[in-house]
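Notes for the one structure printed next.
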Protein chains: 2
Amino acid sequence: MNLTQTIKRPTLHEELVERLRNLVVEDGLKPGEKVPEKELCESFGVSRTPLREALKVLASEGFVVLQANRGARVAEVTRQELENTFPVIAVLEQLAGELACQNLDADELAWIEKRHSAMLRAYQARDRTSYFQANQDVHQALIRGAKNDILEGHHKLLAARVRRVRFMANLSDERWAQAIDEHENMMNRLRARDSGGLGQLMKLHMMNKFAAHIQALDAQSGDTAAT
Amino acid sequence: MNLTQTIKRPTLHEELVERLRNLVVEDGLKPGEKVPEKELCESFGVSRTPLREALKVLASEGFVVLQANRGARVAEVTRQELENTFPVIAVLEQLAGELACQNLDADELAWIEKRHSAMLRAYQARDRTSYFQANQDVHQALIRGAKNDILEGHHKLLAARVRRVRFMANLSDERWAQAIDEHENMMNRLRARDSGGLGQLMKLHMMNKFAAHIQALDAQSGDTAAT
DNA sequence: AAACGTAATTATGAATTCATAATTCAGTCA
DNA sequence: TGACTGAATTATGAATTCATAATTACGTTT
């Protein structure tokens with residue numbers, strides 16, 4: 001019996017990092033907005049010290065920007081940043097695909113098959129919410145399956161940063177069909193344990209996804225500019 | 001004329017992050033060692049608040065480990081971590097190579113040629129220190145040349161984490177010759193602006209380098225175990 | 001009324017203080 | 001002697017305080 005396990009009591013600032021990051025990622029705080037130290041302190045019931053510690057961490061992760069003597073602002077997600085982030089995520093997914101082929105165990109593969117099926121059903125029903133959930137589950141399981149903490153950690157951070165841009169509405173019928181097709185191919189490569197092939201496909205899948213997003217962004221800003 | 005440029009006065013904790021990270025990377029604090037808050041405070045002439053803020057950031061970057069109510073320890077570089085980090089660096093360098101081919105300007109290319117030549121000369125003279133410097137310059141310039149801040153930032157962090165392991169002594173004659181050969185090939189691909197080719201080569205170059213390091217590590221620990 | 005300058009207010013970075021958890025060190029008993 | 005107990009000490013996390021920079025509010029001048 002292992003008695004060394006301590007009671008899981010995360011320190012205050014760690015919890016705050018989580019909650020603040022969520023606030024930023026889930027749009028509780030809008031980009032460019034000033035982070036209201038005082039209000040957050042009382043709403044969380046903590047003093048400024050741990051909150052500010054958390055802000056320093058968030059800043060190093062790129063979610064907020066610190067200005068000397070002017071506090072923190074929620075970082076804007078610029079188009080430039082998106083265009084820089086996407087290819088990095090893509091190569092990380094490529095690596096994840098390669099490693100997952102080698103390291104996935106049977107249980108994990110079964111789970112992925114299950115979520116993949118759920119994703120297909122969601123597509124048939126044109127249920128965007130379920131689709132996105134299942135899709136994210138598949139990708140996450142592939143990353144996990146790579147069994148590489150460093151890879152997982154960096155991927156998670158980058159993914160969180162782009163998740164702030166709400167892409168769900170951007171999914172066109174054509175792109176959706178294409179994405180489904182790509183996922184089918186990925187599953188085939190995975191079942192065959194073709195690591196190079198899966199890696200290539202995942203990278204391509206990501207690049208296609210991102211290209212679609214950028215295109216949608218452009219169309220959007222074009223609209224806005226025209227108005 | 002741009003008058004919006006502010007006087008570069010970095011905040012205390014930012015400076016501390018730099019200095020502490022350096023201390024860890026450059027081995028001023030040994031892995032596993034407890035981080036002596038008090039001494040560092042007086043040696044830097046600051047109070048605990050900014051120092052602890054810096055430690056939180058270092059922890060999120062993986063250089064130190066925080067234990068609740070037991071302060072910070074310098075993170076150990078485990079073999080597992082090295083084996084996980086290497087492939088991630090490798091794919092980032094691959095991407096950097098691809099992007100650098102597309103985005104390098106003439107000045108940057110000239111600088112790389114210069115440092116590449118210096119590297120060759122250092123090899124002829126078997127001058128390890130100069131070789132490592134020139135080699136690092138080349139790689140850094142290639143990363144910079146990719147013109148992708150996200151890529152650069154993540155690469156820098158990962159590179160710092162493995163730099164803590166002192167590999168210089170591990171360079172065998174065979175591996176050295178091979179590395180030089182790989183660099184020549186890389187330069188040829190770069191001159192031809194063959195982005196896919198350079199990417200492939202850089203990834204391979206990294207994987208070979210890392211394989212050699214792991215081998216050396218094994219030999220070393222084998223020795224130690226035998227003694 | 002608009003623009004400027006100055007005082008009041010607020011927000012921020014950093015030092016200090018405080019409560020508590022961890023560690024050290026005696027002293028006790030087997 | 002050596003393991004255990006419990007008080008003394010130290011270290012740590014978090015709250016509070018403090019000095020100063022930034023912002024706002026208010027008069028003054030034109």
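Computation of the quantities below employed the complete heavy-atom set of this structure, encompassing side-chain atoms and omitting hydrogens, waters and symmetry-equivalent molecules. Below, read A as the first sequence line, B as the second, and so on, with proteins coming before strands; counting in each chain starts at 1.
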Problem - Closest to side chain of B:Arg70, choosing from C:dT23, D:dA21, C:dT12 - result: C:dT23
Practice task
Looking only at side-chain atoms of A:Pro50, point me to the closest of D:dT12, D:dA15, C:dA15.
Solution key: D:dA15
Problem - Spacing of B:Glu14 atom CD relative to C:dA14 atom C1', expressed in whole Å - result: 14 Å
Pair up each side-chain donor or acceptor in residues 151-160 of chain A with any protein partner under 3.5 Å, not counting sequence neighbours, and list the distances.
residue: A:Glu152; atom: OE2; partner: A:Arg144; partner atom: NE; Å: 2.9
residue: A:His154; atom: ND1; partner: B:His154; partner atom: ND1; Å: 2.8
residue: A:His155; atom: NE2; partner: A:Glu93; partner atom: OE2; Å: 2.8

Fill in the blank from the handout: From CD of B:Glu42 across to P of C:dT16 the rounded distance in Å is 13 Å
Fill in the blank from the handout: Considering only heavy side-chain atoms of A:Asn69, the closest of D:dT16, D:dA21, C:dA14 is D:dA21
Problem - Separation of atom CD in B:Gln67 from atom C1' in C:dA21, rounded to whole Å - result: 14 Å
Exercise for the section: Can you tell me the distance, in whole Å, between the NE2 atom of A:His13 and the P atom of D:dA14? Expected result: 8 Å
Practice task
Please say whether more than 12 non-hydrogen atoms of neighbouring residues, nucleotides or ligands are located less than 6.0 Å from CD in B:Gln215.
Solution key: no
Problem - A:Leu95 vs B:Gln94 side-chain heavy atoms within contact, under 4.5 Å - result: no
Fill in the blank from the handout: Taking C:dA11, D:dA15, D:dT17 as options, the one with an atom nearest any side-chain atom of A:Arg48 is D:dT17
Practice task
Could you work out which one of C:dT16, C:dA11, D:dT12 sits closest to the side chain of B:Thr49?
Solution key: C:dT16
Handout entry: Between D:dT12 (P) and B:Lys38 (NZ): distance, integer Å
Key = 10 Å
Handout entry: Separation of C:dT23 C1' from B:Arg73 CZ (nearest whole Å)
Key = 12 Å
Exercise for the section: Check the distance between C:dT12's C1' and B:Glu53's CD and give it to me in whole angstrom. Expected result: 11 Å
Completion exercise
B:Leu40 atom CG is separated from D:dA11 atom P, nearest whole Å, by 13 Å
Side chains of residues 15-22 of chain B: which donor-acceptor partners sit under 3.5 Å, not counting sequence neighbours?
residue: B:Glu18; atom: OE2; partner: B:Arg21; partner atom: NH2; Å: 3.2
residue: B:Arg21; atom: NH1; partner: B:Glu61; partner atom: OE1; Å: 2.4
residue: B:Arg21; atom: NH1; partner: B:Glu61; partner atom: OE2; Å: 2.8

